Participant: 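Please find one structure pasted underneath; my questions will follow.
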Number of protein chains: 2
Amino acid sequence: MQKEHNLSKNQKIIFDLIDKSGGPMKAYSILFNVQKKGIKAPLQVYRALDKLVEIGKIHKIESRNAFIACQNSSCQVSKATAFSICESCENVSEISNSKLSKYLSNFSDNSGMKYSKYNLEFFGLCKKCKSK
Amino acid sequence: MQKEHNLSKNQKIIFDLIDKSGGPMKAYSILFNVQKKGIKAPLQVYRALDKLVEIGKIHKIESRNAFIACQNSSCQVSKATAFSICESCENVSEISNSKLSKYLSNFSDNSGMKYSKYNLEFFGLCKKCKSK
DNA sequence: AACATTATGTAATAATATAACATTTAGAAG
DNA sequence: CTTCTAAATGTTATATTATTACATAATGTT
């Protein structure tokens, strides 16, 4: 069972926006969209984003500086994330493949490092863009 | 055999700096370090970085906005990269593990997407930082 | 020599993110 | 219900990362 986080006002506004958008959103585009709701400054957005990332409600797509709602309801913390990114239309989706996540969560090499987190981004052409 | 790219003047200066540093470097830190060599503007740095990334001499660590020299001499193009990042000391190293790269290069799911590239970043504590 | 491609130089500015400080709100403990 | 604490908010300013636009020079090809 997922812990219920009571989102604060700003967190809820921003999460709902990202979630409803269905795709990745950039911080300043979020800011623009929530200004009518009284969120006026970048920092207000970044603070909400930081918290939402921390509790796993959204993930950051590092290569795009964008944020996407977690599509995996069982995902509490952002410690094991994988995405597929279309380099043509910039569509992003979260990959939830238990074999992949098991493989990566258990990965270790001879560096003596203990991995507690990973982020994987695959790039290519999505079905639509491939057939163009 | 790796194709020999004749680096231009700026590309060579910047690659040598990153390579000698032995770790990831940020664009504006690179800029600062090469100003005595006549490279004065951010754009000159970013252009060289773009080219070096394109030909696989360096890689971008997306989560850190930093650039590291490729540590894998057989790596021509930056299409399959994996790094381990210490969240305490920020040490970064390139993982070269043929099983991992095979697994990821051959990965496919039911999205209909053809993956041509990936970037994986593992996070944790390195040996040194763990024992502190 | 003519042409195309790649690289360079320079200034301005866009886009992304954080620091610092004051105040308010929401929960927990007594 | 009051006191305390942690979390969240509001606001201004600024730091950091990256690109646009335009002019010129060097390099490679036919």
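Worth saying up front: this structure is predicted, and the values here are computed from it rather than measured. Naming convention: chains lettered A, B, ... in sequence-line order (proteins, then strands); numbering from 1 in each chain.
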Participant: In whole Å, I'd like the distance from the CE atom of Met25(A) to the C1' atom of dT16(C).
Facilitator: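 Computing the Met25(A):CE to dT16(C):C1' distance gives 15 Å.
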
Participant: From CD1 of Ile55(B) over to C1' of dA7(C), roughly how many Å is that when rounded to an integer?
Facilitator: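 Result: 13 Å.
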
Participant: Quickly work out the Phe32(B) CZ to dT17(D) P distance and round it to whole Å.
Facilitator: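 Distance, rounded to whole Å: 15 Å.
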
Participant: Of all heavy-atom pairs between Cys126(B) and Cys86(B), which one has the smallest distance, and what is that distance?
Facilitator: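 Heavy atoms of Cys126(B) and Cys86(B) come nearest at N-SG, 3.4 Å.
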
Participant: Compare the minimum distances between each of dA17(C), dG9(C), dA7(C) and the side chain of Lys51(B), then state the nucleotide with the smallest one.
Facilitator: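 Closest nucleotide among those given: dA7(C).
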
Participant: Considering only side-chain heavy atoms of Ser8(A), which listed nucleotide, dA17(C), dA8(D), dG10(D), is closest?
Facilitator: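 Minimum distance to the Ser8(A) side chain belongs to dA8(D).
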
Participant: Give a yes or no on whether the backbone of Ser93(B) and the side-chain of Gln71(B) come within a donor-acceptor separation of less than 3.5 Å.
Facilitator: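 Judged by distance alone, no pair lies under 3.5 Å.
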
Participant: Does OP1 or OP2 of dT9(D) have a side-chain N or O of Lys9(A) closer than 4.0 Å?
Facilitator: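 For Lys9(A), the contact criterion (side-chain N or O under 4.0 Å from OP1 or OP2 of dT9(D)) is not met.
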
Participant: Please report, rounded to the nearest Å, how far the P atom of dA18(D) is from the CD atom of Glu62(A).
Facilitator: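 Distance check: Glu62(A) CD to dA18(D) P gives 12 Å.
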
Participant: If hydrophobic clusters are built from ILVMFWY residues whose side chains come within less than 4.5 Å, do Met113(B) and Val92(A) share one?
Facilitator: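 No: no chain of side-chain contacts under 4.5 Å links Met113(B) to Val92(A).
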
Participant: Could you state the atom-to-atom distance from NZ of Lys12(A) to P of dA26(C) in whole Å?
Facilitator: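 Going from NZ in Lys12(A) over to P in dA26(C) covers 15 Å.
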
Participant: Please report the distance, rounded to the nearest Å, between CD1 in Ile13(A) and P in dA8(D).
Facilitator: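 About 14 Å, once rounded to whole Å.
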
Participant: Let's see if you can work this out: which of dA18(D), dA7(C), dA17(C) has an atom nearest to the side-chain heavy atoms of Asn65(A)?
Facilitator: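 Between dA18(D), dA7(C), dA17(C), the one nearest the side chain of Asn65(A) would be dA17(C).
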
Participant: Just checking, any donor-acceptor pair under 3.5 angstrom between side chains of Asp109(B) and Ser111(B)?
Facilitator: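 The criterion, which ignores hydrogens and geometry beyond distance, is satisfied for Ser111(B) and Asp109(B).
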
Participant: Salt-bridge test for Lys117(B) and Glu87(A): reply yes if a basic N is under 4.0 Å from a carboxylate O, no otherwise.
Facilitator: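 Yes, charged N to carboxylate O under 4.0 Å.
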
Participant: If you compare every side-chain N and O of Lys40(B) against the phosphate oxygens of dG9(C) (OP1, OP2), does one of them come in below 4.0 Å?
Facilitator: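 No.
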
Participant: How would you summarise protein contacts on nucleotides 19-30 of chain D per nucleotide, using B for base, S for sugar-phosphate only and - for none, with heavy-atom distances below 4.0 Å?
Facilitator: BBB---------

Participant: Donor-acceptor pair, distance only, cut-off 3.5 Å: does the side chain of Ser101(A) make one with the backbone of Ser98(A)?
Facilitator: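 Confirmed, Ser101(A) side chain pairs with Ser98(A) backbone.
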
Participant: Should Gln44(A) be listed as having a side-chain N or O under 4.0 Å from OP1 or OP2 of dG10(D)?
Facilitator: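 Affirmative; the distance criterion is met.
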
Participant: Any side-chain N or O of Asn10(A) below 4.0 angstrom from OP1/OP2 of dG10(D)?
Facilitator: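 Checking dG10(D) against Asn10(A), a side-chain N or O does come within under 4.0 Å of OP1 or OP2.
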
Participant: Is it true that atom NZ of Lys130(B) has more than 12 heavy atoms of other residues, nucleotides or ligands lying nearer than 6.0 Å?
Facilitator: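 It does: Lys130(B) NZ has more than 12 such atoms within range.
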
Participant: What's the NZ-P distance between Lys26(A) and dT17(D), to the nearest Å?
Facilitator: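 Whole-Å distance recorded here is 15 Å.
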
Participant: Using whole Å, report how far CG of Leu31(A) lies from C1' of dA14(C).
Facilitator: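 Distance, rounded to whole Å: 15 Å.
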
Participant: Between Lys60(A) and Ala48(B), just flag the one whose closest nucleotide in DNA chain C comes earlier from the 5' side.
Facilitator: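 Result: Ala48(B).
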
